[in-house]
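Contents: one structure, followed by commentary.
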Amino acid sequence: MAIERTLSIIKPDAVAKNVIGQIYARFENAGLKIAAARLVQLSRQEAEQFYGVHKERPFFKDLVEFMISGPVMIQVLEGEGAILKNRELMGATDPKKADAGTIRADFADSIDANAVHGSDAAETAAVEIAFFFPGLNVYSR
Ligand code: RTP
Ligand code: MG
């Protein structure tokens with residue numbers, strides 16, 4: 001399988017719970033490397049733009065409010081099949097439906113405060129990485 005990159009966000013709920021390190025350990029244990037990372041407070045405009053595909057959805061306003069409710073940890077993950085691998089590590093969007101041992105099953109409280117984001121396909125990964133790391137040297141190692 002090809003080496004891929006994907007965008008991951010540890011959302012405000014998980015940052016507030018002080019589990020960045022525990023979530024990073026899951027990435028590392030699955031063979032994913034941190035190729036770039038930033039801890040940031042998103043602006044409303046950034047959150048609205050990032051989740052723009054969902055802007056007509058009923059949960060959009062709550063999603064944006066949640067994403068700006070505190071700092072987020074944003075990283076580029078790199079490794080074999082990184083996009084799908086990260087989605088598997090995350091578990092289902094609704095933590096009640098997430099498999100045991102996934103990040104959302106273990107750290108998320110609700111479908112809104114669900115601990116992590118991960119790109120869902122190669123095209124969205126490219127767009128999302130460029131959005132948060134424009135022109136960056138994403139280090140391959
Ligand atoms: P994400 O984009 O954050 O990685 O999550 P996802 O792919 O698993 O889910 P997606 O369908 O892309 O939805 C984005 C985020 O919106 C919130 N959501 N709320 N109340 C609801 O029915 C609902 N549905 C989605 C979640 O926080 C989800 O992560
Ligand atoms: Mg999504």
Side-chain angles (χ1 to χ4, degrees), residues 1-140:
M1 200 182 280
I3 300 290
E4 294 176 341
R5 288 175 179 158
T6 190
L7 189 88
S8 160
I9 303 178
I10 301 178
K11 295 185 179 183
D13 58 322
V15 173
K17 283 182 184 170
N18 203 25
V19 293
I20 292 172
Q22 292 186 57
I23 293 173
Y24 268 31
R26 293 180 182 219
F27 298 149
E28 292 174 353
N29 290 337
L32 296 175
K33 296 175 178 178
I34 312 296
R38 300 166 57 199
L39 180 72
V40 294
Q41 169 67 52
L42 295 180
S43 67
R44 181 177 299 276
Q45 192 190 357
E46 283 174 315
E48 286 177 350
Q49 200 181 334
F50 181 75
Y51 275 122
V53 290
H54 295 309
K55 68 174 178 291
E56 305 303 334
R57 308 281 287 277
F59 58 79
F60 181 69
K61 197 165 177 299
D62 287 346
L63 175 60
V64 169
E65 290 297 338
F66 171 64
M67 290 300 289
I68 65 174
S69 67
V72 295
M73 188 77 205
I74 309 175
Q75 44 282 326
V76 175
L77 303 178
E78 180 181 278
E80 284 206 1
I83 297 166
L84 182 60
K85 194 177 272 183
N86 181 44
R87 297 286 299 190
E88 288 171 354
L89 292 172
M90 289 164 57
T93 308
D94 182 350
K96 291 199 289 288
K97 297 179 183 153
D99 287 344
T102 60
I103 293 168
R104 282 167 168 165
D106 291 343
F107 299 117
D109 297 323
S110 68
I111 194 166
D112 300 302
N114 65 357
V116 280
H117 162 84
S119 307
D120 56 16
E123 298 71 30
T124 46
V127 170
E128 292 177 0
I129 290 169
F131 183 80
F132 283 120
F133 298 95
L136 179 89
N137 288 317
V138 177
Y139 297 102
S140 199

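Each ligand, and each atom within it, is numbered from 1 in the order the structure gives. Keep in mind that the numbers below use all heavy atoms, side chains included, and drop hydrogens, waters and symmetry copies. Position 1 is the first residue of the sequence, and the numbers go up from there.
Listed by chain and number, Lys11, Tyr51, His54, Phe59, Leu63, Arg87, Met90, Thr93, Arg104, Ile111, Asp112, Asn114, His117, Gly118 each place a non-hydrogen atom less than 4.0 angstrom from ligand 1.
Using a 4.5 Å heavy-atom threshold, the side chains of Phe50 and Leu63 count as separate.
In this structure a side-chain-to-backbone donor-acceptor pair under 3.5 Å is present from Glu4 to Ala82. Listed for the Gln22 side chain is no donor-acceptor partner under 3.5 Å among the backbone atoms of Val19.
Judged as a side chain to side chain donor-acceptor pair (under 3.5 Å), not a single pair has a partner in residues 80-93 (not counting sequence neighbours). Listed by first and then second residue, the side chain to side chain donor-acceptor pair (under 3.5 Å) pairs involving residues 55-77 are Ser8-Gln75, Tyr24-Gln75, Arg44-Glu65, His54-Arg57 (not counting sequence neighbours).
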Using a 3.5 Å cut-off and no angle test, enumerate the donor-acceptor pairs between side-chain atoms of residues 100-110 and protein atoms at least two apart in sequence or in another chain.
residue : atom : partner : partner atom : Å
Thr102  : OG1  : Asp99   : O            : 2.7
Thr102  : OG1  : Ala105  : N            : 3.3
Arg104  : NE   : Asn114  : O            : 3.1
Arg104  : NH1  : Gly91   : O            : 3.2
Arg104  : NH2  : Val116  : O            : 2.7
Asp106  : OD2  : Arg26   : NH1          : 3.0
Asp106  : OD2  : Arg26   : NH2          : 2.9
Asp109  : OD1  : Lys17   : NZ           : 3.0
Asp109  : OD2  : Lys17   : NZ           : 3.3
Ser110  : OG   : Asp112  : N            : 3.3
Ser110  : OG   : Ala113  : N            : 2.9

